[in-house]
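What follows is one structure encoded as structure tokens, with my remarks underneath.
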Amino acid sequence: MKILIVGSGGREHAIAYSAAKSPKVDKIYCAPGNAGIGSLAECVPIPVMDFERLAEFAKGHVDFTIIGSEDPLVGGIVDYFRTEGLKVFGPDQKAAILEGSKAFSKDLMKKYHIPTAAYETFDSPNAAAAYLENAKMPVVLKADGLALGKGVLICNTLEEAKEGVKTIMEDRKFGAAGSRLVVEEFMTGREVSVLSFADGKTIKVMSSAQDHKRAQDGDQGLNTGGMGTFSPSPFYTAEVDSFCKKHIYQATVDAMAAEGRPYTGVIFFGLMLTGDGPKVLEYNARFGDPEAQVVLPRMKNDMVEVMEACVEGRLDEVDLQFEDNAAVCVVLASNGYPVSYGKGYPVKGLETFDGKDGYYCFHAGTALKDGKVVTNGGRVLGITAKGDDLKQARKKAYEATDWVQFDNKYMRHDIGKAIDEA
Ligand code: AMP
Ligand code: GLY
């Protein structure tokens, strides 16, 4: 079969890698893709929000489309494809609201008793500021809509919180996402990312992972899309798993179905393991990036078959299995990310990965210029290595970060350091 992947990041490279392993797949296209994806797929220069051209391309070329990124999902690409009679993997617009509106997802969790932080939602900055006068600090402010994972402010004082309301709701730093504000209780604990497949009724969870969201070592600096991941998380114990299976995963799928918004696709559960048990920090409507880069290489199933089972409503037949090993991904970024950084620097040494089993160089922000790979974004590459255990995987991933060079190369040096405390 022929497939189209929509997106251009490290996550889509990991999806393309898994699709290429499927014996069913004989041709992969990616729109718009990047330089690395180009080695597995034919890249088609159509932007992810151009539904009309994407559907037209899919009609003429492929049997199945996988949507990688959140913007087209929240914008309704799946509805558009279905109306055009195309087979597509991902939640429709009614379901993708789980990521598209934090106010929606918080209300859903409250209504269906899914554990999450206490919160209030505001449409006016004055009402939010008045509420904050009596709120316990620190407090968390979240822009309601999509904000590239950056629309969350943790405020330690009332002054900071009031300033935060202004930043989100009046200055609109995160754009239209800031027309509504969720004010949330601050929680402490370890974070775990759990990705899952859902078919509207059944949910099957993948192996756990942990992201490192801050730009600098020791979880300092600004929030980013994610600077590195490891999988599985040693903190995601059997006890945590059984609690989440009982109170969170199936409950979410059932709640969406009960609301008339059956969810088909990947649900990403951002969890915090608090002293009061696991709680949901956020939902995403797609694979995590860079979570996909450590979870998918460990999956034993044919990913495309699992996705087809979701679309056809027979996920209950699937036995999801993961290798009994570990993986670590270290993101190589351009110095200055997530604020400002240069682009167009030649990337050298990529061929070192050729033929090296258990090592992966997933491209995020790269492009081809005169036939050569150059940097083209803040997060440039995700270097993933598998090992027998997390320590070995971490050692191998960091060794492989030396194989590639580009000007202003920047990475965190403590990805996976937390496992030493497990
Ligand atoms: P989110 O996009 O909602 O996952 O938020 C981004 C990051 O902000 C999370 O990964 C957490 O590190 C942090 N965060 C979000 N909500 C809370 C909360 N209620 N308490 C503490 N930290 C939070
Ligand atoms: N790595 C977090 C995310 O994909 O949102």
Side-chain angles (χ1 to χ4, degrees), residues 7 9-21 36-37 40 68-69 149 190-197 204-214 219 224-236 240-241 266-271 284 286-301 303 306 320-333 353 356-364 379-401 403-404 411-420 422:
R11 164 183 52 214
E12 284 74 21
H13 195 178
I15 293 171
Y17 166 82
S18 285
K21 276 200 313 192
I37 296 174
L40 296 169
S69 46
R190 282 197 189 277
E191 289 186 41
V192 184
S193 303
V194 176
L195 311 178
S196 67
F197 290 103
K204 298 264 162 105
V205 294
M206 299 180 230
S207 186
S208 62
Q210 185 179 316
D211 192 9
H212 299 67
K213 287 212 166 87
R214 302 293 199 95
D219 293 329
T224 69
M227 293 299 292
T229 37
F230 57 82
S231 172
S233 163
F235 307 103
Y236 189 80
V240 172
D241 183 58
V266 169
I267 308 180
F268 169 134
F269 297 86
L271 304 174
N284 292 316
R286 33 90 194 163
F287 284 100
D289 187 345
E291 282 87 344
Q293 290 90 312
V294 286
V295 172
L296 284 176
R298 299 184 49 238
M299 191 164 111
K300 288 187 185 171
N301 306 65
M303 178 198 72
V306 179
L320 215 50
Q321 292 201 356
F322 285 80
E323 292 169 0
D324 183 20
N325 58 9
V328 170
C329 174
V330 179
V331 169
L332 302 185
F353 286 85
K356 294 226 171 53
D357 228 25
Y359 291 91
Y360 309 79
C361 179
F362 293 119
H363 290 226
R379 292 192 291 179
V380 178
L381 300 169
I383 307 297
T384 295
K386 289 202 283 199
D388 295 337
D389 58 24
L390 283 164
K391 283 189 183 157
Q392 193 194 42
R394 180 175 63 185
K395 188 162 172 284
K396 287 169 72 177
Y398 272 108
E399 269 164 21
T401 61
W403 300 349
V404 253
M411 67 182 143
R412 276 182 62 161
H413 289 88
D414 62 349
I415 303 301
K417 190 161 178 270
I419 61 183
D420 298 334

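As the structure is a computational prediction, the values presented were derived from the model and not from experiment. Sequence positions, counted from 1, serve as the residue numbers for this chain.
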*Output all residues satisfying side chain to side chain contact (heavy atoms under 4.5 Å, CB included) with Ala364, sequence neighbours left out; order by chain, then residue number.*
Arg379
_Nearest 0.5 angstrom please: His212 NE2 to Asp414 CG, how far?_
6.0 Å
*What residues, two or more places apart in sequence or in another chain, satisfy side chain to side chain contact (heavy atoms under 4.5 Å, CB included) together with Arg298?*
Ser207, Ser231, Pro232, Phe322, Asn325, Ala327, Lys386
*Quick one: CZ on Phe235 to CG on Leu271, what's the gap to the nearest 0.5 Å?*
14.5 Å
*Between Thr384 and Tyr360, is there a donor-acceptor pair closer than 3.5 Å when you use the side chain of the first and the backbone of the second?*
no
*Identify which one of Arg214, Lys213, Arg412 satisfies the salt bridge (charged side-chain N to carboxylate O under 4.0 Å, His left out) criterion when paired with Asp219.*
Arg412
*For residues 387-398, which residue pairs qualify under side chain to side chain donor-acceptor pair (under 3.5 Å), counting only residues two or more places apart or in two chains?*
Arg394-Asp420, Lys395-Glu399
*asked:* As a quick check of understanding, evaluate side-chain contact (heavy atoms from CB on, under 4.5 Å) for Glu323 and Lys300, giving each step before the final call.
replied: CA-CA 6 Å; Glu323 292 169 0; Lys300 288 187 185 171; 4.0 Å; yes
*For Asp324, all residues meeting salt bridge (charged side-chain N to carboxylate O under 4.0 Å, His left out), sequence neighbours excluded*: none
*State, to 0.1 Å, how close Gly228 and Val331 come at their nearest heavy-atom pair, and which atoms those are.*
N-CG2, 3.9 Å
*asked:* Run Val266 and Phe197 through side-chain contact (heavy atoms from CB on, under 4.5 Å) and show every step you take.
replied: CA-CA 5 Å; Val266 169; Phe197 290 103; 4.1 Å; yes
*For Phe269, what residues pass the ring pair (Phe, Tyr, Trp, His ring centres under 6.0 Å) criterion, not counting sequence neighbours?*
Tyr249, Tyr283
*Can you tell me how far the CZ atom of Phe362 sits from the CG atom of Asp289, to the nearest 0.5 Å?*
10.5 Å
*From Ser69 OG over to Ile15 CD1, what is the distance, rounded to the nearest 0.5 angstrom?*
8.5 Å
*Taking only residues two or more places apart in sequence or in another chain, which ones pass side chain to side chain contact (heavy atoms under 4.5 Å, CB included) with Asn301?*
Met299, Val306, Val318, Leu320, Gln321
*Give the C-alpha distance, both sets of side-chain angles, the deciding distance and a yes or no for side-chain contact (heavy atoms from CB on, under 4.5 Å) between Asp211 and Glu191.*
CA-CA 8 Å; Asp211 192 9; Glu191 289 186 41; over 6 Å; no
_Is there a side-chain contact (heavy atoms from CB on, under 4.5 Å) between Val294 and Phe230? Walk through the geometry before answering._
CA-CA 6 Å; Val294 286; Phe230 57 82; 5.6 Å; no
